[in-house]
Each structure stands twice: as C-alpha cells, then as structure tokens.
Amino acid sequence: MNEVLQFLIQHGYAILFGVVFLEQAGLPVASVPVLLGIGALSAEGRFSIVAAWLLAVLASLVADIVWYELGRRRGYGVLRVVCRISLEPDTCVKRTTGAFRRHGSGTLVAAKFIPGFGAVATPMAGLMRMSPARFLMLDIAGVTLWAGLYLGLGVIFRSQLEKVAAVIAHTGTSLAVVAICFAGGYLSWKWIQRRRYLRQLEAARITPQELWSRIQAGESISILDLRHAPAIGATGAKLPGALRLPPEDLETKHQEIPRDRDIVLYCS
C-alpha cells in the first residue's frame, strides 16, 4: 500500500493527465478515483489542487478537440468507431443522439458526469456542425465543473478516503489488486450483458438479400426505418416504402405500425 501511495505521490501529475486523457479518448478507464485521490493528497500539501485542476482540464480538452475535429470531418462513421470501443456499444449511438435531441448542445456541459458518455458527445458535436467557438465554450465549462467537483470531493472527504485506504492496508491486500479485481468484475459483467443482447439479435436477424427475396415473392412485409438522423444524413439513402420512425417516437407513434404482417426493423 505504501509503495502504491509513494508511486502516486511521485508521479501524480503524470498519472492524472494520462488517465483523464485515456478516459476521454474513449477507453474504459476510470479517472474519478485518481481525481479523488489527488484532491485528498492536495489537502495535505502533497499536490497543488490548481495545477491538478488545470492538468485535468488540459488532458480532457486535448482528447475532446481531436474527437470533435474527427466528427466534423469524417461524419457518422467516427461516432460508430467511438461506440465500438465503449463499454456499451449497442446502446451508445442511441443514448448520444437521444440526449442531443432532447437537450441540444448543452448536453456537452453534463456529458463528463456520465461514464463513457463524454468521449461520445464530442464527436457528435462535430458531426452536428457545432461551431468551434461554441464547442470550446461548452466543453471547457463541462470539463472545469467535472474536474473541480471530484477534486473538491477528494478534499472534503479526505478523512473518509484515508480510512478506506487504511482498511485495505490492514487486510494486507494491495490497492492495485483491489482495483484490478473491481475493474475486472465490472468489465466481465458488461461483457456477459453484451453477449446476451447479441444472442437475442442473432436469433431474429435477416439479411438484405433474404428481405429482398421475400418482397420479390410478394410477401406482405413492413419495413420500419429506426435509424437516427445523423445516420440518415451521413448516407442520404432511404429505404423505398419504409416507415421512418425515430426510436424516441416508438412509444407515442407505435400505432402507426401495421400489425397484420411481418415487420423488419432497420436501425443504426
């Protein structure tokens, strides 16, 4: 435990910058424990809380600006790439587009407080052609609040954090082992959830060729186009005869879907 603490104290700023950057780049890394730890140690004079705050903001901004530019230049494909490396790739696009549709560009301010969402919101801002000045203003506001909150909580609850560290040290268990076990358990749980979800999809999947053959054979089939607006805008392609219905409107407009035939869903 003492070795881990000494390592954190010796390389704290570099660890903080690297962890925040990796998390905002889209990798499944948790930066909140590091922010809390640095905040607690800054209360004891081990770190400068202002320097830590500025480093966290800078690390996040570097990753955010890169994703924003990629989203602006490359379009919807970039959002799909980010979602593939997230912990919830199957709901990632839906959550992001739905949030921007409901709350607009202000979503950027709150995005950092939702794990895994901050890295997806920035390319979406570029994809939506948000101006660079507005993006920077909102992103800086969000990052500043996010980093400041968790560093501040580390300062406020430093005694509680010290007790947790003391309990871990008393058991003789390495803090690194505890962190690895916790992260491994969480990732395993998310992986099991994802495999179950994909098995359900595989059981009900139909290829475009199979669908076309059934239409050519004269079968009555309704095609429901559930793609999000950015996906449609990226390709400009529309399915002939399909009923266009955003996923967010399913609950209020489901009565428009015919019930007397097979229904094929086409989504992002």
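Note that these values count all heavy atoms, side chains included, but never hydrogens, waters or copies made by symmetry.
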Checklist line | Verdict with reasoning, L226 to Y266, per side chain to side chain contact (heavy atoms under 4.5 Å, CB included) | finding: CA-CA 6 Å; L226 297 174; Y266 180 56; over 6 Å; no
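- Between L145 and L149, the closest side-chain pair of non-hydrogen atoms is not below 4.5 Å.
- Evaluation of the side-chain contact (heavy atoms from CB on, under 4.5 Å) rule for A141 yields no partner, not counting sequence neighbours.
- Atom CZ of F113 and atom CH2 of W146 lie 9.0 Å apart (nearest 0.5 Å).
- Judged as a side-chain hydrogen bond (donor to acceptor under 3.5 Å, both in side chains), the pairs with a partner in residues 27-37 (not counting sequence neighbours) are, in order, E23-S31.
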Side-chain donor-acceptor pairs of residues 49-61 under 3.5 Å, sequence neighbours excluded:
| from | atom 1 | to | atom 2 | distance (Å) |
| --- | --- | --- | --- | --- |
| W53 | NE1 | T144 | O | 3.1 |
| S60 | OG | D64 | OD2 | 3.2 |
| S60 | OG | K112 | NZ | 3.4 |

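- Every residue two or more places apart in sequence or in another chain that forms a side-chain contact (heavy atoms from CB on, under 4.5 Å) with A242 is listed here: I223, D225, L239.
- When the side-chain contact (heavy atoms from CB on, under 4.5 Å) test is applied to T207, the partners found at least two apart in sequence or on another chain are Q209, E210.
- Contact between P258 and I263 at its shortest, heavy atoms only, is O-CD1, 3.3 Å.
- In this view, F17 satisfies the ring pair (Phe, Tyr, Trp, His ring centres under 6.0 Å) rule with no residue, not counting sequence neighbours.
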Output side-chain donor-acceptor pairs under 3.5 Å for residues 34-42, partner residues at least two apart or in another chain, one line each.
| from | atom 1 | to | atom 2 | distance (Å) |
| --- | --- | --- | --- | --- |
| S42 | OG | I38 | O | 3.4 |
| S42 | OG | G39 | O | 2.6 |

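- Remark: E69 pairs with R72, R73 by the salt bridge (Lys or Arg N to Asp or Glu O under 4.0 Å) rule, at least two apart or across chains.
- Residue F135 comes nearest to A125 through the heavy atom pair CD1-CB, 3.9 Å, listed as atom of the first residue, atom of the second, then distance.
- Applying the salt bridge (Lys or Arg N to Asp or Glu O under 4.0 Å) test to residues at least two apart or on different chains, none of the pairs has a partner in residues 141-150.
- Checked against side-chain contact (heavy atoms from CB on, under 4.5 Å), I221 has the following partners two or more places apart in sequence or in another chain: L211, R214, E219, V264.
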